[in-house]
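This report concerns only the one structure given below.
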Amino acid sequence: MRRILRNLLAFISLLLAISILLFAAFRFLPGDPARAMLGLSAEETKVQELRHELGLDKPLLEQYTQSILGIFRQDKPLLSLRFKEPVLDLIKARLPLSLSLALFAFVLILLIAIPLALLAAYYDGRTADWLSGILTRIMQAIPPFFMAMLLSLILATLFNYYRPSFYPQNAALSERLKALALPALAIALPRLSQAFQFLRDALVAEWSKDYVLTARSQGAGRARILLSQLLPNALIPFITASGLIFAEILSSSLIIEQVFKLPGIGQLLFAAVAQLDFPLAQSIILLLACLIISINRAVDFLNRSLDPRLTIKSRSSSPVTLKALGSNQGGYDD
C-alpha cells in the first residue's frame with residue numbers, strides 16, 4: 001500500500017512539473033495568439049479586446065490554474081483559442097485514431113521482431129543471425145517519414161497499390177485497418193531493430209545458463225529449449241524495453257499522421273502549435289506525457305507480477321537493472 005501511494009505521489013508530482021514547464025514554455029514563445037487570429041494589420045484596440053475575451057490578460061497564476069482545471073470542468077471548460085470548442089472534446093475525437101495507429105504499429109513490431117529474434121538466437125553466430133541484425137539496423141537508419149514515402153512509392157510501383165487519401169472513420173473495421181496498415185508499417189520498421197536486438201541478446205545470454213545445460217543433458221532439443229524455457233525467461237526484461245518502444249512509437253505516430261493526412265492527435269497538435277493555440281497544444285502534450293508515464297508504470301507493475309523477486313529487491317533497497325533482470329532467470333536446475 002505504501003509503495004502504491006509513493007508511486008501515485010511521484011506520478012502527480014511529475015505531471016505537475018511537466019504542466020508548469022509547458023505553461024511557461026508556451027507563454028514565452030514569440031507571437032501573440034490574438035494578433036495571429038486577427039492578422040498583422042488588425043487594430044490594436046481589437047487585439048486587446050480579443051486578448052481580454054480569451055483571458056490572455058489575466059494573471060499568469062490564474063491562467064495556469066484554468067489551463068489545468070479547465071480541461072476536466074464541465075461548467076467552465078478550457079476552450080481552444082482557434083476552434084472555440086472544449087479542448088477535451090477535440091482530444092477525445094482524435095485520440096482513438098492515434099492510439100489505434102500506435103497499437104497497430106506495436107503489434108507489427110512484435111509479430112516481426114519475436115520470430116526474427118528466435119531465428120537469430122537459434123542460429124547464433126551464423127549467417128541467419130548476422131543477416132537479420134544487418135537488415136534491422138538498415139531499417140533503423142531510415143527515418144519514419146522517409147520510410148512512409150518509400151513504402152508508398154514501392155507499393156504503388158510494384159503492386160499498383162494506392163492508399164486512400166482519406167481515413168474512412170465510419171467504414172467497417174477492415175477498411176479502417178487497411179487505411180492504417182501502411183502508416184503503421186512505416187512506424188514499425190524503423191523501430192524494429194530495438195525490439196529485435198534486445199530480445200535476441202536476452203535469448204543468447206540464456207544459452208549459457210545451468211538450466212539450459214541440464215535440459216540439453218536430458219535430451220531436450222535446441223528448438224524446444226528455445227521456445228519453452230529461454231523465451232519465457234527473456235520476455236521479462238523485454239517487457240521493460242517494450243514500454244520504452246511504445247513511447248517512441250507514440251511520438252513517431254504524430255509525424256506519420258502528418259505524412260498520411262490522418263485526422264489524429266498529431267495533426268491536431270501541429271495545427272495548435274502553428275496557430276499559437278496554447279491551451280490546446282498544452283493539453284495535448286500533457287495528455288501524451290500522462291499516457292507515457294502510465295505505460296511505464298503499468299510495465300513496472302507487470303514486471304513485478306511476473307517476477308516477484310523484483311518486489312523483494314525493491315524492499316531491500318537493492319537497485320534492479322536490466323542486466324540483473326536478464327540474469328539467472330531459469331528455474332530448471334534439476
For a quick test of reading the model, state the closest non-hydrogen atom pair linking Gln267 to Arg94 and the distance between them. OE1-NH1, 3.7 Å
Nearest heavy-atom approach of Ala234 to Ala202 is CB-CB, 3.8 Å
When hydrophobic residues are tied together by side-chain contacts of less than 4.5 Å, even through go-betweens, does Ile138 share a cluster with Leu185? no
Can Leu177 be reached from Leu189 by stepping across I, L, V, M, F, W or Y side chains whose heavy atoms are under 4.5 Å apart? yes
Determine whether Gln194 and Glu248 satisfy the following criterion, side-chain hydrogen bond (donor to acceptor under 3.5 Å, both in side chains), listing intermediate values before the conclusion. CA-CA 11 Å; Gln194 296 170 279; Glu248 294 184 4; 3.1 Å; yes
Less than 4.5 Å apart, any side-chain heavy atom of Arg137 and any of Gln197? yes
Side-chain touch Ile18/Leu14, heavy atoms, less than 4.5 angstrom: yes
What orientation do Phe246 and Phe106 show, parallel under 30°, tilted 30 to 60°, or perpendicular over 60°? perpendicular
Side chain to side chain, Met147 and Pro190, heavy atoms closer than 4.5 Å: yes
Given Phe196 and Ile112, is the side chain to side chain contact (heavy atoms under 4.5 Å, CB included) satisfied, shown in steps? CA-CA 8 Å; Phe196 162 77; Ile112 301 173; over 6 Å; no
CZ of Phe11: more than 12 outside heavy atoms within 6.0 angstrom? yes
Determine the minimum heavy-atom distance between Ser193 and Thr136, stating which atoms define it. CB-O, 3.3 Å
Find out whether Leu110 and Phe238 are in side-chain contact, i.e. whether some heavy atom of one side chain is under 4.5 Å from a heavy atom of the other. yes
Verdict with supporting geometry, Glu49 and Lys46, salt bridge (Lys or Arg N to Asp or Glu O under 4.0 Å): CA-CA 5 Å; Glu49 289 176 0; Lys46 292 184 177 180; over 6 Å; no
To the closest 0.5 Å, what do you measure between CD (Glu257) and CZ (Phe270)? 9.0 Å
Distance col, row Leu286:CG vs Leu21:CG, nearest 0.5 angstrom, shows 11.0 Å
Specify the closest pair of heavy atoms between Phe104 and Ala184, including all atoms of both residues, with the distance to one decimal. CG-CB, 3.8 Å
Measuring only between side-chain heavy atoms, which start at C-beta, is Val87 closer than 4.5 Å to Leu79? no
Evaluate the side chain to side chain contact (heavy atoms under 4.5 Å, CB included) criterion for residues Ser283 and Leu88: first the C-alpha distance (whole Å), next the side-chain angles of each, then the deciding distance (0.1 Å), finally the verdict. CA-CA 8 Å; Ser283 300; Leu88 188 59; over 6 Å; no
Reported CG-to-CG distance for the pair Leu119 and Leu226, which is rounded to 0.5 angstrom: 9.5 Å
The single option from Leu180, Leu254, Ile249 passing side chain to side chain contact (heavy atoms under 4.5 Å, CB included) against Leu101: Leu180
Provide the closest heavy-atom pair for Ile256 versus Pro144 in the form atom of the first, atom of the second, distance. CD1-O, 3.4 Å
Keeping the roles fixed (side chain from Asp124, backbone from Val204), state whether a donor-acceptor pair exists under 3.5 Å. no
Hey, any chance Leu16 and Phe23 share a hydrophobic cluster, counting ILVMFWY side chains that come within less than 4.5 Å of each other, even indirectly? yes
From Ile20 atom CD1 to Tyr64 atom OH, the distance as rounded to the nearest 0.5 Å: 4.0 Å
Which atom of Leu182 lies closest to which atom of Ser152, heavy atoms considered: CD2-OG, 3.5 Å
Are Leu244 and Val107 connected, step by step, through hydrophobic side chains (Ile, Leu, Val, Met, Phe, Trp, Tyr) whose heavy atoms are closer than 4.5 Å? no
N/O donor to acceptor pairs below 3.5 angstrom from side-chain atoms of residues 291-299, sequence neighbours left out:
| from | atom 1 | to | atom 2 | distance (Å) |
| --- | --- | --- | --- | --- |
| Ser294 | OG | Cys290 | O | 2.7 |
| Asn296 | ND2 | Ile292 | O | 3.3 |

State, with a plain yes or no, whether a side-chain heavy atom of Ile187 is found less than 4.5 Å away from one of Ile255. no
With a 4.5 Å cut-off on side-chain heavy atoms, are Leu288 and Ile284 touching? yes
Shared hydrophobic cluster for Leu60 and Leu276 (ILVMFWY, side-chain gaps under 4.5 Å): yes
Give the intermediate values and the outcome of side chain to side chain contact (heavy atoms under 4.5 Å, CB included) for residues Tyr211 and Glu206. CA-CA 9 Å; Tyr211 74 93; Glu206 293 292 318; 2.5 Å; yes
Under the criterion side chain to side chain contact (heavy atoms under 4.5 Å, CB included), I'd like the reasoning laid out for Arg6 against Leu9: C-alpha separation, chi angles, the key distance, then a yes or no. CA-CA 5 Å; Arg6 186 171 62 249; Leu9 181 61; 5.8 Å; no
CZ/Arg191 to OG/Ser252 distance, rounded to the nearest 0.5 angstrom? 3.5 Å
Without swapping roles, check the side chain of Trp207 against the backbone of Tyr122 for a donor-acceptor pair under 3.5 Å. no
Are side-chain heavy atoms of Leu116 and Arg200 found at a separation under 4.5 Å? no
Approximate separation, where rounding is to 0.5 Å, of Leu269 CG and Ser98 OG: 10.0 Å
